[in-house]
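First the proteins, then the strands, lettered A, B, ... as listed; each starts at 1.
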Amino acid sequence: MDSTGSLAAALADPAPTAARLLLGALLTANDVTVRIVEVEAYGGVGEDPASHAYRSRSERNSPMFGSPGTVYVYFTYGMHWCANVACGPAGSAAAVLLRAGEVIGGNELASSRARSRLSDAKLASGPARLARALRIDGTFNGCSVLTPDSPVRLTASESGWPISSDAVCSGPRIGIRSATDWAWRFWVEGSPAVSSYRAGIRR
DNA sequence: CTATAGATAATCT
DNA sequence: GATTATCTATAGA
């Protein structure tokens, strides 16, 4: 089986399993390629209070209900785009949030797109920066990362994927206010691009 | 280095 | 009208 077929099989798994299998895969869009090093899993309707799909299907979250590999992009905090990939059986509304990646191609382009001057390691460190480096916005909604002519593509090199489970860490998800004790965030140990956010956010 | 406040708009109630 | 799966500038140690 080729690597794209393996990825397709991985995306059909439940969110936490699919999430950890996305680590080490390559994401390409707009002439920039990143190696995914940090992700979070989100569940479907009625099963994950932190998920955008928790309440019900809406116009915004409808891409989450698509087949595995469907891209769901949302706009938040008045200025940031964040990218997800639907996973699990079609209609389950589970998804994986792409939180961080190492830029391995199109470095200068990614740098020129950044809102501020950033070191190479931080160009795609954080969900909004990742989307910005690849210039992913709302027009990508509904695309599939598994379709050859899609503007966003997910691939895997046979040598670098999947990542050894020894190198994968997990912990609580970031920036949410419910289900904070679910260890549904996964990252590659030691990657300089993994975001190191502060724990306590005061309001 | 750490900690905090402010920006800024679509979506949902 | 409140909330938000964030980032950056700025202040202080």
Next item on the list: Specify the separation, in whole Å, of atom CG of A:Asp137 and atom P of B:dA10.
Entry: 14 Å
Checklist line | A:Leu118, nearest nucleotide to its side chain (from C:dT6, B:dT11, C:dT8) | finding: C:dT8
Margin query: Give me each pair satisfying side-chain hydrogen bond (donor to acceptor under 3.5 Å, both in side chains) with a member in residues 68-82 of chain A, each pair once, sequence neighbours excluded.
Written below: A:His52-A:Tyr72
Item checked: Test side chain to side chain donor-acceptor pair (under 3.5 Å) applied to A:Arg35 - qualifying residues, sequence neighbours left out -> A:Glu102
Margin query: Using the side-chain contact (heavy atoms from CB on, under 4.5 Å) criterion, which residues pair with A:Ser170? Sequence neighbours excluded.
Written below: A:Ala183, A:Phe186
Note to self: Tell me every residue that passes side-chain contact (heavy atoms from CB on, under 4.5 Å) with A:Ala167, counting only those two or more places apart in sequence or in another chain.
What the structure shows: A:Ile163
Check: Looking at residues 40-59 of chain A, who's got a heavy atom less than 4.0 Å off DNA chain C?
Finding: A:Tyr42, A:Ala50, A:His52
Notebook entry, point to check: Residues in side-chain contact (heavy atoms from CB on, under 4.5 Å) with A:Thr28, at least two apart?
Noted result: A:Thr33
Checklist line | Fellow cluster residues of A:Trp184, listed by chain then number, with links counted only when side-chain atoms sit under 4.5 Å apart | finding: A:Trp182
Note to self: Tell me whether the side-chain N/O atoms of A:Arg99 come closer than 4.0 Å to OP1 or OP2 in C:dT6.
What the structure shows: yes
Margin query: C:dT4, OP1 or OP2 - any side-chain N/O from A:Arg177 closer than 4.0 Å?
Written below: yes
Check: Where along residues 68-79 of chain A does a heavy atom fall under 4.0 Å from DNA chain C?
Finding: A:Tyr74, A:Thr76, A:Tyr77
Item checked: Qualifying salt bridge (charged side-chain N to carboxylate O under 4.0 Å, His left out) pairs, either residue in residues 40-57 of chain A, two or more places apart -> A:Glu40-A:Arg99, A:Asp48-A:Arg173
Notebook entry, point to check: Quick one: A:Leu97 CG to C:dA5 P, roughly how many Å, whole number?
Noted result: 10 Å
Notebook entry, point to check: When you look for runs of 3 or more Watson-Crick or G-U pairs in a row, both distances below 3.5 Å, which of them include DNA chain C?
Noted result: B:1-7 with C:6-12, B:9-12 with C:1-4
Item checked: Those residues that, when tested against A:Asn107, pass side-chain contact (heavy atoms from CB on, under 4.5 Å) (two or more places apart) -> A:Val103, A:Asp120, A:Leu123
Side-chain donor-acceptor contacts of residues 134-151 of chain A below 3.5 Å, not counting sequence neighbours, with atom names and distances?
unit_1   : atom_1 : unit_2   : atom_2 : d
A:Asp137 : OD1    : A:Thr139 : N      : 3.0
A:Asp137 : OD1    : A:Thr139 : OG1    : 2.6
A:Asn141 : OD1    : A:Val73  : N      : 2.9
A:Asn141 : ND2    : A:Val73  : O      : 3.0
A:Ser144 : OG     : A:Leu146 : N      : 3.1
A:Ser150 : OG     : A:Ser144 : O      : 3.0
A:Ser150 : OG     : A:Val152 : N      : 3.2
A:Ser150 : OG     : A:Val152 : O      : 2.9

Check: How close do A:Ala90 and A:Pro68 get, heavy atom to heavy atom, and via which atoms?
Finding: N-CD, 4.1 Å
Margin query: Between A:Leu98 and A:Leu22, is there a side-chain heavy-atom distance shorter than 4.5 Å?
Written below: yes
Next item on the list: Please work out if A:Arg173 contacts a base, only the sugar-phosphate, or nothing of the nucleic acid, heavy-atom cut-off 4.0 Å.
Entry: nothing
Check: So what does A:Ile176 hit on the nucleic acid, given a heavy-atom distance under 4.0 Å: a base, only sugar-phosphate, or nothing?
Finding: sugar-phosphate
